[in-house]
Novice: 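Encoded as C-alpha cells, here's the structure I'll be asking about.
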Number of protein chains: 2
Amino acid sequence: MDVNEGKRKTPLGRRVTVKEVAAELGISPSTVSNAYNRPDQLSADLRERVFETAHKLGYTGPDPFGRGLRQRRANVVGVLFRDRLSYAFADPAAVLFLEGVSEAVEEAGLGLLLLPGGSLGGRDTEAIRAAAVDGVLIHSMAADDPLVSAAIERRLPAVVVDQPPIGTVPSVGIDDEGAARVAAEHLLELGHRRLGVVSFRLALETRSGMVEPQRRGAATLRPSGARLRGVAKAVSAAGISWDDVPVYECAVSSPAEGKTAAEALLSRDPRPTAILALSDQMAFGVLEAATQIGLSVPDDLSVVGFDDVPEAARSAPPLTTLHQPHVEKGLQAGRKLVAQLREEDPDGQEELFLLTRLVVRGSTAQAPS
Amino acid sequence: MDVNEGKRKTPLGRRVTVKEVAAELGISPSTVSNAYNRPDQLSADLRERVFETAHKLGYTGPDPFGRGLRQRRANVVGVLFRDRLSYAFADPAAVLFLEGVSEAVEEAGLGLLLLPGGSLGGRDTEAIRAAAVDGVLIHSMAADDPLVSAAIERRLPAVVVDQPPIGTVPSVGIDDEGAARVAAEHLLELGHRRLGVVSFRLALETRSGMVEPQRRGAATLRPSGARLRGVAKAVSAAGISWDDVPVYECAVSSPAEGKTAAEALLSRDPRPTAILALSDQMAFGVLEAATQIGLSVPDDLSVVGFDDVPEAARSAPPLTTLHQPHVEKGLQAGRKLVAQLREEDPDGQEELFLLTRLVVRGSTAQAPS
DNA sequence: GATTTAGTCTGTAACGTTACAGTAAGTTAT
DNA sequence: ATAACTTACTGTAACGTTACAGACTAAATC
C-alpha cells in the first residue's frame, strides 16, 4: 500500500543539513544557505570553504522540500492530461505539444511534472491535489471534468489548452470549427458528395461506434465538437444534409481505431468516396483499411487528416491534412503560464488562437465520376 | 531573473492551514490531517465535518511542501535526459520509453518529473540537485556525464538505462552489440559487400561527419559504441575490413541528419549497396535521400533501421529494422525503481537485458549483381 | 469487578530551509 | 572628523505538515 515500508535512513545514518555544515565552520546557517543561493552575499573565499566542508560532510545542497516549504515555490510546472499518461505518449499530437511546453519551461529554468488524469474511468484527483507545482497546464480536458475543478480550486496559476477559458484562466487553441470546415471544403471542392467522418472522443466518457445525429451537438470536448460543427456547416453549405453524413467516434485516436472506423464507414452502401479523419493517427488507419479492402488512395478514396504530424509527409501516399502548430501551441501555453508565475498579474480572460492551414499532399483527388 | 518578483499572496490573503480548520472545529490539527490521510483514525461523521469546514474556509488539502518536508517523500520519480527535453520529445524511441515509464509510475500512483540535461553545451546540474523526487531514472547518458555524478551524489534510488550499472545502481538495456551484429549479418547474408553505417552520437560532445577508424572504439555512449562493435565483428567475420566501412556520425537522431549522412555515404565511390542506420529516424532520412538521388529501395539500395518504431511499418517501403522493446524498457526500468523505493533494499548491481529481434520488411533485398 | 481491547482523538516536536532585520567593521564622501 | 555608504556576516522565526506517544471512553472478556 504505502510506498515506504522499510527503514528510511540514509546509508550514512542521518541526513546532513545546513546547520551541521555551519557548525563545522563556526558560521551561521544563513551563510551556508547564501553560499548556494546568493553568492554575492559572502566572500568568494568563504564560499569556497563552505563547498569544501559541505562535500566533506556529504551535504549535497539545499533539500528541495525544506526549500520549497520556505520559498513557497517548486520551480516546476505541471501538465494535466485527460487520460493515462501512457495514452498521451502514444499520441504524436500530444507529444508535439509537450515538445513545445518543454521548450518554454526550459527557457524559464523550470521542471516539467506530468500528471495523469487517472485511469480512464476513475478520475483520481489525488495526484493533482498533492502535486508540488507552481502552476498547471490543462490539456484538452472536458469542460465538466472533476480534475479541472480540482486544479482550479487550488487557485494555482493555470492555462487551459484546446478548450474555452474558465473563469480568469486564459486559454490557447486553434479555431477548430473553421479549420475543420476548410478541410471539408477541400473535399467538397474536389467534387466529393458522399463523405464519411472519423472523429475521436466527443465527451468525457469513452465509447466507440457510429454517432447518431442528435449526439453530435452535445460534445463536451471542445475540439471534436467544434470540428464536427465545422464539417456540418461545410456540407450544409454544399447542399448536403449533415444528418446523412456518417460519423464514427473512436475511443482513442490511434491507427487501429481509425482502421476499424474506416471499415465501418466503407462497408456502407453507398460507399463514401472521401473520408475526413479528425486526427492523422486515425487517418493512417483509414489508409491501411483502404489498402486492405483493395481501394486505391486517392483514386478510389480520398483521405484527409488533421494535425499534420511529421509522419504525414512520409506515409504512403503522403497525407493531405490540416496543419496545426502543435509545438507552437505548447510553447505559447507554456510561456503564458510562465508569465503568470513571474508577474502574478494574470492577463486573464485572454484566449489565444493559433493559425492553421490545409496541406494538400497525395491522399486526395477529384471524386471518381 | 527570479521567477517571483511580485507579491506572493493568495487572492484571499493568507493561506489556510490545518491549524485553522482545526481551530474552527475545536479539534486537533492532527485530526484534520488524519481526515485526509488516515480515514480509519477518526469517525466517518467527524471526517465529513472536517471536509465541510475545510471547504468553507477554502482549505484545499495538505500543502505539498509541508507534507513533503515532514514525510521526506515526494511521490514523484524523475527522468533525467541527456539533452534538452524538446529533443527527447522529438525522438520516437525516447517517447516510447517514456510511455513505458509512465505506465510503471502510474501503477505505483506516482508523478513523473522530467529533468533536462541542460542546453547541449552547458551541463546544468542545478535542476537535478534541486528536484523534489524520490528516485531517478537516468536515460542514455554518457558514463562521464557530470549530470550522472550529480544524481548519484544525492544518493537517491536510481536506475540507469542503456548504459552499464554504476556502483550499486542497477541498469536496464539491450545487448546492443549482439543486436547490431544481427542487423549487419542480415545485409551480409543478402550478399552486400559494400556497407555504409549511419550512427548517432558517440560521445558527450556534439559533432557530425565521417568517423575515422581510430575514433570508433572510443565511444563513451554505450549504445552507439556497442553497436558499432557489433557491426565491426559481423563485417570482419565476413572477411571485410572494418576500417574500409564508412561510418557517418549524426549529432542528433533525426530524419534530416540521416538524410545528410546518406548523401555523404552515397556520394562515395564505390557507392555502398546497403546502409545500416542505428535508428529508424535516421533510416527514414536515408530512404528520403535515396529517393531523391533516384535510387530505388530495395533494388538499388538496401536500408536497415534500428528501433522498430511504429512508423517503420508504414513507411515507403516498410522498413527492415531491429526491433527493440522500448515501452518494455521504460516499464521495467520504472518498476525496478519503484521496487527500490518500496523496499529500500536495492537488488543492486543487477543488469537487466531485454530481447531484440530483426524484423524483415520491404527495405532490404539481395545485393545487385 | 477487574482487566483487556478497540476506537477516537490530542499535543508536541521535529522535518530543513531561507526571509528578514540587524550588527560590526571598513571605505568613501563631505 | 563626521556622516553616509558598502561589504560580510548573524540569529531567529516562520513555512505547513504529520509521526509518535499517549489519553480517555466505551465495549468486550475473564
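The sequence lines fix the lettering, A, B, ..., with proteins before strands; numbering per chain opens at 1. Since the model is a prediction, treat every value here as computed from it, not as a measurement.
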Novice: Going by an N to O cut-off under 4.0 Å, is there a salt bridge joining B:Glu106 and B:Arg335?
Specialist: no
Novice: Could you tell me whether the side chain of B:Leu114 reaches within less than 4.5 Å of the side chain of B:Leu112, counting heavy atoms only?
Specialist: yes
Novice: Are side-chain heavy atoms of B:Phe65 and A:Arg72 found at a separation under 4.5 Å?
Specialist: yes
Novice: Going by atom types alone, do A:Ser140 and A:Arg82 pair a side-chain donor with an acceptor below 3.5 Å?
Specialist: yes
Novice: Give me the atom names and distance for the closest heavy-atom approach of A:Leu57 to A:Val21.
Specialist: CD1-CA, 3.9 Å
Novice: Measure centre to centre between the rings of A:Tyr36 and A:Tyr59, then say whether the value is under 6.0 Å.
Specialist: yes
Novice: Are the side chains of A:Phe97 and A:Val161 in touch, meaning some heavy atoms are under 4.5 Å apart?
Specialist: yes
Novice: First and last nucleotide of DNA chain C touching chain B, 5' to 3', heavy-atom cut-off 4.0 Å?
Specialist: C:dT8 to C:dG16
Novice: Are B:Lys336 and B:Glu351 within salt-bridge range, i.e. N to O under 4.0 Å?
Specialist: no
Novice: If the threshold is 4.0 Å, N to carboxylate O, is there a salt bridge linking B:Arg67 and B:Asp63?
Specialist: no
Novice: Please tell me which of A:Ile27 and B:Pro29 maps to the more 5' nucleotide of DNA chain D, matching each residue to the nucleotide holding its nearest heavy atom.
Specialist: A:Ile27
Novice: Can you list, by residue number, the residues of residues 31-49 of chain B that have a non-hydrogen atom closer than 4.0 angstrom to DNA chain D?
Specialist: B:Ser33, B:Asn37, B:Arg38
Novice: With a 4.0 Å cut-off on heavy atoms, is B:Thr17 in touch with a base, just the backbone sugar-phosphate, or nothing at all?
Specialist: sugar-phosphate
Novice: Do B:Val160 and B:Ile166 have side chains that get closer than 4.5 Å, going by heavy atoms?
Specialist: yes
Novice: When Watson-Crick pairs (N1 to N3 and N6-O4 or O6-N4) and G-U wobble pairs (N1-O2 and O6-N3) count only below 3.5 Å on both distances, what is the dot-bracket string of DNA chain C, with | for other-strand pairs?
Specialist: ||||||||||||||||||||||||||||||
